[in-house]
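Numbered from 1 within each chain, the chains take letters A, B, ... in sequence-line order.
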Number of protein chains: 2
Amino acid sequence: MSVTLKDVAQAARVSVSTASRALTGTGLTSERTQQRLVRIARELGYRPNPIARGLKTGQSRLVALLVHNLTNASFQVMAEVVQARLKTLGYQMLLCIGGDDPQQESDTLTTLVDHRIDGLIVVPTGKNGAQLETLSKDVPIVCLVRRDDATDLETVLADDPQGAYLGTRHLIELGHKRIGLIVGRQDTTSGRERLSGYVRALREAGITRDDTLIHAGHFVPETGATCARKLLDLPRPPSAIFVANHEATLGVLRVTAERNIVIPDDLSLLCYEDMPWFEWHRPAISIVDNGARDLANLAVDRLLHRMDAKGNGNDGVREYRVGAKLIKRDSCRQIDAPPPARSGKSKSSSSKSSAAKSAKV
Amino acid sequence: MSVTLKDVAQAARVSVSTASRALTGTGLTSERTQQRLVRIARELGYRPNPIARGLKTGQSRLVALLVHNLTNASFQVMAEVVQARLKTLGYQMLLCIGGDDPQQESDTLTTLVDHRIDGLIVVPTGKNGAQLETLSKDVPIVCLVRRDDATDLETVLADDPQGAYLGTRHLIELGHKRIGLIVGRQDTTSGRERLSGYVRALREAGITRDDTLIHAGHFVPETGATCARKLLDLPRPPSAIFVANHEATLGVLRVTAERNIVIPDDLSLLCYEDMPWFEWHRPAISIVDNGARDLANLAVDRLLHRMDAKGNGNDGVREYRVGAKLIKRDSCRQIDAPPPARSGKSKSSSSKSSAAKSAKV
DNA sequence: AGCGTTTCTGCAATCGTTTGCAGTTTATCG
DNA sequence: CGATAAACTGCAAACGATTGCAGAAACGCT
């Protein structure tokens, strides 16, 4: 069907081995035959068969990325970054979706190594440490975003303690004293670390921690809604909510919408991780950016390093941190300022309607 | 490193061929040895090497999905659906991102067939018809969402004429007479078809088509912004905009926000294809749902059918259509109703603020 | 028991590459 | 020119599975 090395060799009247050496450029052939073979191969449209090559070399030119889903904007950009980087190096990306489910993760991992992937970037569930550890003997692995505590695999993490600290401090600087926190499960690194950053900022500002303001939960929008309700039903509800669990954001917004709570007038809202629409939402939503793009790039760097180093790319470093940064938009307001007059509407919405009128002609 | 068939055969004191036959279940071995081998293989933790197998059989158990990006919500759910379906059948999905760029598409296609993928679902750019046609001789291909007019490949399409018709009719029924349309490039099927559905609805309602209300452009948010400005700057701007180009939505929203245009009071907005946040946006955005999930499922069905049929899965059908449906939310208003009083604010926002007050306590 | 079937098993070739080894050519230099 | 080293080339064996073919074993039947 397709042109094989043998065809090329025959056309050039040399042996298959010579052809192989010439085309892979191992430098063991004379300049002349080398060039001749390259030319002939091109003319014939020869493309090496990665499967056959893989069988011999044990490599597949396939690198897998295993994430939880594609709904999460961070995972999207990571996937795009990883794919783009790998492509330029002649690798294909095998994108797998594990759904944050240990069983699925485990299954996927085994089929991946069956396929003799050359490398793996994984956002671990944290429940398959032993398996990961074993696999890492066969194939370079880099963990991304989450640490699997049962392993000492190289891991590229967002600086969640810092990010949560930054976000909380921002709210405190705006005058907020009661800050609700909705955070991820406490059996994940990010969940714990974001909580700790929040606590540190509070402590630093001399605000005593109030556990009724802190809610941890699963990574689904429903959690956000439930937590938001609990927070808002408090006898003394918070003046700001820090949604440090990306998936919960939609749930929180639903609840504020249901209750006709105006952001930021009635409640300041700060979220973690960007979504493309946050910028267009009204009010535009302020966030702590975890640096997804940087994380992905670094993970690829580290993986490539390990793949080159053939097993001992161990530089001693176990953990890389990518800095978070605060992006201020319009969903957090200064609390010291007098609340907007109830009757006259807030500044933004009144200007809104007048401008709208003119736009209508 | 890992357990090979030879190891199993040795352990069972049979030849490799017997072992192979027993484990692949070709039925040419005695019941007893078969079971014995299966047991031994399990004990040894034997996992067949897909690469070696692939070399011999020409199959890879890899199916590729080539989409333009992962930002588009439709592509996300398609990727998730395809991945999930394939996994249960023992295939791995190779997700590729072509960026709607013919060059990238072409490159990706060649490396994919190099890897001897068993099947391909592709959202074609429309510029590589010849190549696709050629490849389809080697590997089953199903086109998704877009048709490549240069081929007669089996194609699974959204029913765009119907979707656009439905959406436009909805706006007409609400009393809109001047309906702006922002639609995709006219060299794509969906671009043309959505335009035609819009036109049909107009004609059916006896509204004469006004070409100043129709804008076609590339699939990026900037296009949406540009088109929205042009529409709103018209001497007689439209009372509703139908954004039939998914990527343009954010741009349109930006412009309405910039100009403080209140939706739906000042302008009704109807979009094409859902995004998870449309439901939470205020106002919640009404859409025409193209049925991404169904599309993906059907594409997988057709692909599997072709893969089974080994080359002649040609049932004569070239084109499958998946129905669109209208999802009404809050971004389109009845135009016959008197516009809300300018001073007193709209119903929704006044109730909003009072409820907010009580929520604050 | 003898013969023909049927059922099972093993040998060996094959898929398309890479690569160690040995053999052959070419270059180098006295 | 001839010896020696250097550079190149080809043979053949891998890699780990599948599969056609032929031989061996088991079975049924007269």
ask   = Looking only at heavy atoms, what is the nearest atom pair of B:Q104 and B:I97, with distance?
value = OE1-O, 3.4 Å

request  = Quick one: closest heavy-atom pair of A:D118 and A:P140, and the distance?
outcome  = O-CD, 3.4 Å

Measure the distance from [atom1] on [X] to [atom2] on [N] and round it to the nearest whole Å.
{"X": "A:D114", "N": "D:dG16", "atom1": "CG", "atom2": "P", "result": "14 Å"}
{"X": "A:K6", "N": "D:dG10", "atom1": "NZ", "atom2": "P", "result": "16 Å"}
{"X": "A:H115", "N": "D:dG16", "atom1": "NE2", "atom2": "P", "result": "17 Å"}
{"X": "A:N49", "N": "C:dT17", "atom1": "CG", "atom2": "P", "result": "5 Å"}
{"X": "B:Q59", "N": "D:dA17", "atom1": "CD", "atom2": "C1'", "result": "14 Å"}
{"X": "A:E31", "N": "C:dT26", "atom1": "CD", "atom2": "P", "result": "17 Å"}
{"X": "A:Q10", "N": "D:dG10", "atom1": "CD", "atom2": "C1'", "result": "14 Å"}
{"X": "B:R13", "N": "C:dG10", "atom1": "CZ", "atom2": "P", "result": "11 Å"}

Is there a side-chain contact between [X] and the phosphate of [N], meaning an N or O under 4.0 Å from OP1 or OP2?
{"X": "A:T57", "N": "C:dT18", "answer": "no"}
{"X": "A:S15", "N": "D:dC11", "answer": "no"}
{"X": "A:R53", "N": "C:dT18", "answer": "yes"}

With a 3.5 Å cut-off and heavy atoms only, can you find an N or O donor on one side and an acceptor on the other between the side chain of [X] and the base of [N]?
{"X": "A:R47", "N": "C:dG16", "result": "no"}
{"X": "B:T33", "N": "C:dC8", "result": "no"}
{"X": "B:R116", "N": "C:dG16", "result": "no"}
{"X": "A:T18", "N": "D:dC8", "result": "no"}

query = Do A:R85 and A:D301 sit within salt-bridge range, that is, some charged N less than 4.0 Å from a carboxylate O?
reply = yes

Ionic contact status for A:E154 with A:R318, cut-off 4.0 Å = no

ask   = When all nucleic acid strands are considered with a 4.0 Å heavy-atom cut-off, which category describes A:P48: base, sugar-phosphate, or nothing?
value = sugar-phosphate

query = Across the strands shown, which category fits A:T4 at heavy-atom distances under 4.0 angstrom: base, sugar-phosphate, nothing?
reply = sugar-phosphate

Nearest to side-chain heavy atoms of [X], which nucleotide of [options]:
{"X": "A:R21", "options": "D:dT19, C:dT19, D:dC15", "result": "C:dT19"}
{"X": "A:Y46", "options": "D:dT18, D:dC11, C:dT17", "result": "C:dT17"}
{"X": "A:K56", "options": "D:dT9, D:dA14, D:dT18", "result": "D:dA14"}

Chi angles and distances behind the side-chain hydrogen bond (donor to acceptor under 3.5 Å, both in side chains) call for B:S17, B:S20 = CA-CA 5 Å; B:S17 21; B:S20 171; over 6 Å; no

remark   = Taking for A:S17 and for A:A52 the nucleotide of DNA chain D with the nearest heavy atom, the one nearer the 5' end belongs to A:S17

key: side-chain contact (heavy atoms from CB on, under 4.5 Å) between B:L62 and A:H115, worked out   = CA-CA 10 Å; B:L62 250 35; A:H115 276 284; 3.6 Å; yes

